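Let me begin by presenting the structure, written as structure tokens, before commenting on it.
Because the structure is a prediction, the values reported are computed rather than measured. Each chain gets a letter, A, B and so on, in the order the sequences are listed, and its residues count up from 1.
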Amino acid sequence: MESRHKVLIVDDDPAVLELYRELLAQLPSHPEIFTTTSGARALSMLKSEPFRLLLCDLKMPKMDGLQVLSIVRRQFPELRTVVMTAVHSEDFRARAYALGVDLFWLKPDTQQNMEMFLQCIESLLGRDEEGGFRGVQSKSLMDLIQMECLSQSSTVLRITRGALTGRIWILSGELIDAETDGACGESAFRRILEWKSGTFENLPTEPGRERTINKPANALLLEAAQAMDEIAAPASQNPEDVEQADHRKTVWRLASLTRAGASFVVSLPGGPESKPEGWGTEATQELGLWMQQALESAQKLSRDLQAGSIGHLEGRSLDHRIVLLPQEERTYLVGWPADASAPQLSEPSKQLVASWDS
Amino acid sequence: MGFLNLFSKPAPGVQVLPSGTLTVDRNNQILATTISSACSQEVLQEIGDQVLRLFRQARTAQLPLSELTLHFSSLKITARELRGGAIIFLAPKHSFNAFS
């Protein structure tokens, strides 16, 4: 028997709950509707059984909708969330979307709006049930390119790693061009292959693209694989080789730093006893400690003010402009000269650190 | 008829992000503020405390900052150092300035 999706509606007004229960019961997927008038009760219901969708009002006593949603986002990341409110405020809309809600909807006031609302809810309930295969998580970029070449396809692979973007043109299974961050041809192809992770999409082919890569794809992939093996320097190799590989990495990073025009980078891994690494500065330990303290302060402010997630932190001293970037596994502090010309340094900093671990 | 207020329920609401300016001295005493009184004194002291702490700790790390901006997804906090104290600007982000 086909299981029905469970939908939970939270609103402090029982009359509204009844209205929505009747409306959602008419949906083609016939979801099971549960209702509650308090955020705290909603959270305990979510813990007790798996729900597909949460519809939440914003203005509620004791625990408001944004508080409920921020807890839900942390504890139930798979749950689809919809805010329905009568409060017409850009501020609340921005905050709700910052919390990762799927839909922010002003309570429908016309028949047409109501129909659109129901269509959106039906779409959110059934989104995963569409056919097709998604994701090739265990495949490296090399595997992807080999697959495209072996299948003789013509396509443009657009690869994204953080702030970096690259494109690889494949025509009838042959590699013809590549481009990233100011580089093109073979050098761009090698640079893209150095990226360890990211996302890709297939764009329509461009038959008129001029050919700049003449080596066969397999030869280039083999060269790139050898170069990466050398950099990786497995533990079985002798200490001299390991030292050389470390040295090469340091030189490459310092070159990236100079090319970008930055003064220094400090990288702090996420663990509690983590040691910072620095390039271009002698105050690595002190800066690493400050990064830790700054993150703690920012997290406290974010919690106390309900200001949402931390994007980045910028600072200015007489000698430097700095950008602190919390990333998934590490936090980076990028220092720039005080007279750096860009008005916003967060984007160049993101680009610099995106290639840092490649 | 004030006694009827005893039976009235408090109106439900959403916590509003603080918006305005706050000036604190080096001891985190609030000198001036334009932030709504709906935002409690404790919250303002907490903001001042964290900002002063950030400036102080940066100085210890050989990075004497004169200005600091914290970008959260819904709020931007900009602080300028003022002889040990700070002037702090709080600006909630709306959809039209969310990327600034």
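- Contact annotation: the side chain of R59(B) approaches that of P64(B) to within less than 4.5 Å [non-hydrogen atoms, C-beta and beyond].
- When each of I77(B), D49(B), L75(B), L68(B) is scored by its heavy-atom pairs under 4.5 Å with chain A, the top score falls to L68(B).
- Interface check for chain B: of the options S302(A), A283(A), A307(A), G311(A), the most heavy-atom pairs under 4.5 Å are formed by A307(A).
- Between chain B and the options R316(A), R321(A), E286(A), heavy-atom pairs under 4.5 Å are most frequent for R316(A).
- Contact of I322(A) with chain B is made through the side chain alone, with heavy-atom distances under 4.5 Å.
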- Task: Show the numbers, then the answer: is there a side chain to side chain donor-acceptor pair (under 3.5 Å) between T81(A) and R73(A)?
- Result: CA-CA 9 Å; T81(A) 46; R73(A) 188 44 64 220; 3.1 Å; yes

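- Using a cut-off of 4.0 Å between Lys/Arg side-chain N and Asp/Glu carboxylate O, R53(B) and E296(A) are scored as not salt-bridged.
- Formation of a donor-acceptor pair under 3.5 Å by the S70(A) side chain with backbone atoms of Q67(A) is found in this model.
- Between chain A and the options I47(B), V43(B), L54(B), the largest number of non-hydrogen pairs under 4.5 Å is found for L54(B).
- Counting heavy-atom pairs closer than 4.5 Å to chain A, the top residue among R80(B), E46(B), Q62(B) is E46(B).
- Rounding to the nearest 0.5 Å gives a distance of 11.5 Å between OG of S309(A) and CD of Q299(A).
- Between the side chain of S44(A) and the backbone N or O of R41(A) there is at least one donor-acceptor pair closer than 3.5 Å.
- Neither the backbone nor the side chain of L289(A) comes within contact range of chain B, judged by heavy atoms closer than 4.5 Å.
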